[in-house]
Q: 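Below you'll find the structure I mean.
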Amino acid sequence: MTTIDPLTAPAIAFPVEPAEEAPIVRLVEPDGSLTAAADDYELDVELARTLYQEMARARRLDTEALSLQRQGELSLWLESRGQEAAQIGSSVALRPTDTIFPSYREHGIGLSRGLPPEAILAQWRGVSHSGWADDHPAHMHITSLVLGTQTLHAVGYAAGIALDDTDEIVAVYFGDGAASEGEVNEALNWAAASSLPVLFVVQNNQWAISTPTSLQMGSPLHRRAAGFGIPSYHVDGNDALAVHLVTSLAAERVRAGNGPALVEARTYRLGGHSSSDDPKRYRNESDVAEWKERDPLVRLERLLRADGTPDDWFRGVDESLEELALEIRRSCRALTASDFDTLFDNVYSEPHPVMERERQEFRRLTGTEVAR
Amino acid sequence: MSATVTDTPAADVSAIRTLTLGGALNAGLTDAMRHDDSVVLLGEDVGTLGGVFRVTAGLRDEFGPRRVVDTPLAEAGIVGTAIGMALRGYRPVCEIQFDGFVYPAFNQIVSQLAKLRARSGGHLKFPVVIRIPVGGGIGAVEHHSESNEAYFAHTAGLRVVSCSNPDDAYHMLRQAIECDDPVIFYEPKRRYWDKAEVTRQPSLPLSSAQVVREGDDCTLVSHGPTVATAIAASDAAAEDGYSVGVVDLRSISPLDVDTLRAQASRSGRMVVVHEAPTFFGLGAEVAAAVTEACFYELESPVLRVGSFNMPYPALKVEDEFLPDVDRVLDAVDRALAY
């Protein structure tokens with residue numbers, strides 16, 4: 001076998017090299033000032049306030065839910081603190097009629113789209129596997145816990161939209177960890193090959209439970225999208241206005257019939273993966289402290305205050321958050337599981353002899369056969 | 001693979017026709033798509049080529065590439081996308097090219113398609129059909145001859161059916177497409193070219209077994225490709241003076257236990273025949289269900305005839321792997337000896 005020296009190999013045989021990380025889109029610095037790149041950016045104060053309000057609600061939901069878990073009212077909670085700008089900044093940029101396929105951490109998006117707290121908490125309290133139905137005006141599919149599976153459902157839903165010839169789009173959320181799943185890559189490829197109206201929103205929070213992004217992939221996600229033929233945006237996921245801007249651009253591009261697009265929002269999960277996680281076992285406190293300095297909510301508050309939004313307005317938001325917290329606690333405690341007997345109805349749509357036989361057996365075992 | 005169904009006639013539900021099993025499936029798909037605009041086909045090579053077994057031949061010409069979709073080569077993608085289309089109100093019919101290629105889609109079938117209705121508290125429905133050419137006996141290379149019905153029958157939320165003849169192929173496919181639940185639809189690939197009459201109306205609901213013939217001494221229970229084997233064994237036994245019945249299960253999940261109990265009670269002996277390995281297979285479930293249902297009517301244990309518990313062997317020795325008439329008759333003899 002001959003050994004080829006790469007230095008003397010003919011120049012025509014050049015490899016296509018993978019590309020480095022692309023520059024990140026950022027409008028607001030962590031101290032709340034506008035970046036130099038935002039020179040000709042016109043601040044929409046109403047939008048900034050809306051984003052702040054929705055992010056604050058998401059933060060409060062996360063805080064209350066974690067407390068409820070510690071009190072034994074929830075069995076598990078998937079934490080989202082630190083990712084509010086990536087989630088709300090992107091979802092608010094969509095039309096309310098665009099359909100969202102979430103992973104399992106996008107509680108704030110659900111709240112922002114009108115899901116009541118009990119709908120979001122039901123699964124984590126353990127009373128059901130989903131607290132809302134797909135026909136809820138929130139236009140949000142139920143959660144997917146097997147990572148990445150929802151990306152293909154989003155592609156299929158988008159194929160339906162294409163057949164229906166409407167201008168809706170689908171936004172599907174997943175993370176840096178799920179991006180390693182084969183099904184996510186099938187979804188990216190399929191959406192690109194079929195030119196479907198799908199917006200892929202990756203929250204790169206840098207940790208898949210304890211596994212850092214560096215062990216997860218060899219090329220940045222926004223670069224991987226290009227390999228599929230999908231244009232992408234690399235945005236500071238802790239800058240709500242920047243996320244909103246690039247998502248708006250990406251969504252309109254998708255809506256115009258140009259096929260899918262991808263937004264990689266670089267963010268950081270400030271809490272654990274879930275209420276059962278112990279992130280101190282795998283990451284440095286100094287890293288966390290550094291990212292706390294880039295807190296998306298604090299950043300937006302600094303911007304708004306510097307721009308002249310008065311104390312009164314923030315007090316009003318805080319008061320509404322207290323009301324929200326009361327509602328979260330009250331509605332959580334009121335959630336109860338449905339009667340076991342009804343579960344036999346939910347497995348199949350049409351009559352099924354095994355379901356009927358087993359229901360009768362359940363009733364016999366529990367002595368409920370006569371009462372019904 | 002040189003599998004061609006060239007004599008596929010245009011579908012015509014108004015008349016009784018003689019069709020191959022593959023042709024009957026083609027007619028079933030055609031009629032379903034004419035009847036309901038929400039029916040769409042997804043699969044590898046189903047469009048321009050008409051599928052490797054030509055079951056979808058001609059459909060792209062009639063219904064166009066938007067409803068007869070040549071998909072990327074991605075089985076999880078086919079089923080996952082079908083789930084999304086069902087959420088949008090469509091009724092997708094997926095083709096998995098060969099039985100052994102379904103495993104990349106296992107997660108989407110078992111964790112998603114099967115569970116989503118229950119997960120949604122009964123709010124969602126998934127009228128998705130997954131067609132799978134199944135079984136061996138066609139001299140194929142590995143991964144092209146498997147019988148994997150037990151995996152899917154063990155999953156709540158799925159219906160699993162298996163056709164053995166052209167009439168069932170047509171009507172069961174129509175019924176599966178009209179069913180609001182996900183259906184794994186097995187097609188016996190070595191019977192694709194068998195010809196028989198297709199009647200105008202289905203004779204049974206999708207979940208019912210068919211009593212092909214009643215028996216007084218023993219009853220054979222089978223499905224899909226081995227129904228013909230069971231019928232041949234019954235014919236041979238008749239020559240020796242034994243009355244051996246044949247039940248075509250048609251539906252594997254749910255199992256038609258009422259029909260099984262009636263036939264087992266009648267003959268007192270039952271032998272289950274399938275291509276899949278017997279270990280942890282369909283035969284075990286049939287045996288348990290029948291034993292629980294009519295223990296005192298049985299003259300012998302329910303016996304199983306299947307293949308051996310090994311990966312499907314190379315094609316030159318597959319005849320020794322698959323159950324044949326002699327192995328079925330051997331089991332009938334053993335049952336009669338009790």
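These numbers come from the heavy atoms of this one structure, side chains and all, not from hydrogens, waters or symmetry mates. Residue numbers start from 1 in every chain, and the chains themselves are labelled A, B, ... in the order their sequence lines are given, proteins ahead of strands.
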Q: Is chain B contacted by the side chain of A:D164, its backbone, both, or neither, given a heavy-atom distance below 4.5 Å?
A: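 Contact with chain B is through both the backbone and side chain of A:D164.
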Q: Check each atom of A:L343 against the heavy atoms of chain B and say whether the ones under 4.5 Å are side chain, backbone, both or neither.
A: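 A:L343 has no heavy atom closer than 4.5 Å to chain B.
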Q: Are B:R66 and A:D165 close enough for a salt bridge, meaning some N to O gap below 4.0 Å?
A: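 Result for this pair is yes, salt bridge flagged.
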Q: Heavy-atom cut-off 4.5 Å, strictly under: side chain, backbone, both or neither for A:A162 against chain B?
A: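 A:A162 touches chain B through backbone heavy atoms alone.
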Q: Could you report the tightest heavy-atom contact between A:F101 and B:L87, atom names first, then the distance?
A: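 For A:F101 and B:L87, the tightest heavy-atom pair comes out as CE2-CD1, 3.8 Å.
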Q: Below 4.5 Å from any heavy atom of chain A, which atoms of B:V79 appear? Answer side chain, backbone, both or neither.
A: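 For B:V79, neither part sits under 4.5 Å from chain A.
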Q: Is it the backbone or the side chain of B:D258 that comes under 4.5 Å from a heavy atom of chain A, or both, or neither?
A: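 Contact with chain A involves no heavy atom of B:D258 at all.
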Q: For B:R117 and A:D345, which heavy atoms make the closest approach, and how far apart are they?
A: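 So the minimum-distance heavy-atom pair works out to NH2-O, 3.8 Å.
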Q: Please flag which part of A:E181 lies under 4.5 Å from any non-hydrogen atom of chain B: side chain, backbone, both or neither.
A: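 When you check distances to chain B, no heavy atom of A:E181 falls under 4.5 Å.
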Q: Return the option, out of A:I161, A:V155, A:N189, with the maximum number of heavy-atom pairs under 4.5 Å with chain B.
A: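 Maximum pair count with chain B is reached by A:I161.
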Q: Would a 4.5 Å heavy-atom cut-off, applied to side chains only, mark B:N107 and A:T149 as touching?
A: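 B:N107 reaches A:T149 side chain to side chain.
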Q: Heavy-atom pairs under 4.5 Å with chain A are the metric here; pick the option from B:A114, B:S38, B:S111, B:P72 that has the most.
A: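 With the most close heavy-atom pairs to chain A, the winner is B:P72.
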Q: Using a cut-off of under 4.5 Å for heavy-atom pairs, which of A:G160, A:S144, A:S349, A:A133 has the most such pairs with chain B?
A: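 Winner by heavy-atom pair count: A:S349.
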Q: Quick one: does A:R357's side chain get under 4.5 Å of B:V257's, heavy atoms only?
A: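 Touching, per the 4.5 Å side-chain cut-off.
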Q: Are there over 12 heavy-atom neighbours, none belonging to A:H136, within less than 6.0 Å of that residue's NE2?
A: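 Yes, NE2 of A:H136 has more than 12 neighbouring heavy atoms, counting only those of other groups under 6.0 Å.
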Q: To the nearest 0.5 Å, what is the distance between OG on B:S120 and NE2 on A:H129?
A: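 B:S120 OG to A:H129 NE2: 10.5 Å, rounded to 0.5 Å.
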Q: Do the side chains of B:H123 and A:I142 get nearer than 4.5 Å, heavy atoms only?
A: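 No, their side chains stay 4.5 Å or more apart.
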Q: Do A:E350 and B:K125 sit within salt-bridge range, that is, some charged N less than 4.0 Å from a carboxylate O?
A: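 Salt bridge: no.
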Q: Is any side-chain heavy atom of B:L116 less than 4.5 Å from a side-chain heavy atom of A:H141?
A: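 Yes. Closest side-chain heavy atoms under 4.5 Å.
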Q: Which atom names give the shortest non-hydrogen contact between A:E186 and B:G77, and what distance separates them?
A: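 For A:E186 and B:G77, the tightest heavy-atom pair comes out as OE1-N, 2.6 Å.
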Q: Side chain, backbone, both or neither: which part of B:I78 has an atom under 4.5 Å from a heavy atom of chain A?
A: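 Contact with chain A involves both backbone and side-chain atoms of B:I78.
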Q: Contact between A:Q150 and B:Q112 at the side-chain level, heavy atoms closer than 4.5 Å - yes or no?
A: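 When only atoms from C-beta onward are counted, B:Q112 and A:Q150 do not touch, as no gap falls below 4.5 Å.
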Q: Short question: side chain of A:Y348, backbone of B:G157 - any donor-acceptor pair under 3.5 Å?
A: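 Such a contact is found between A:Y348 side chain and B:G157 backbone.
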Q: Under 3.5 Å, is there a donor-acceptor pair between the side chain of B:R119 and the main chain of A:S130?
A: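 No, the answer is negative, given that no donor and acceptor are paired below the 3.5 Å cut-off.
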Q: Which atom pair, heavy atoms only, marks the closest approach of B:P254 to A:V354?
A: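 So the minimum-distance heavy-atom pair works out to CB-CG2, 4.1 Å.
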Q: Please look at B:A76 and chain A and tell me whether the side chain, the backbone, both or neither of the residue comes under 4.5 angstrom of a heavy atom of that chain.
A: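 B:A76 touches chain A through backbone and side-chain heavy atoms alike.
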Q: Minimum heavy-atom separation for A:P351 to B:R159, with atom names?
A: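 So the two residues come closest at O-NH2, 3.1 Å.
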Q: May I ask you to test the B:D181-A:V347 pair for a side-chain heavy-atom distance under 4.5 Å?
A: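 Contact flag for B:D181/A:V347 side chains = no.
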Q: In terms of heavy-atom proximity below 4.5 Å to chain A, should B:V69 be classed as side chain, backbone, both, or neither?
A: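 Contact with chain A: none, neither part.
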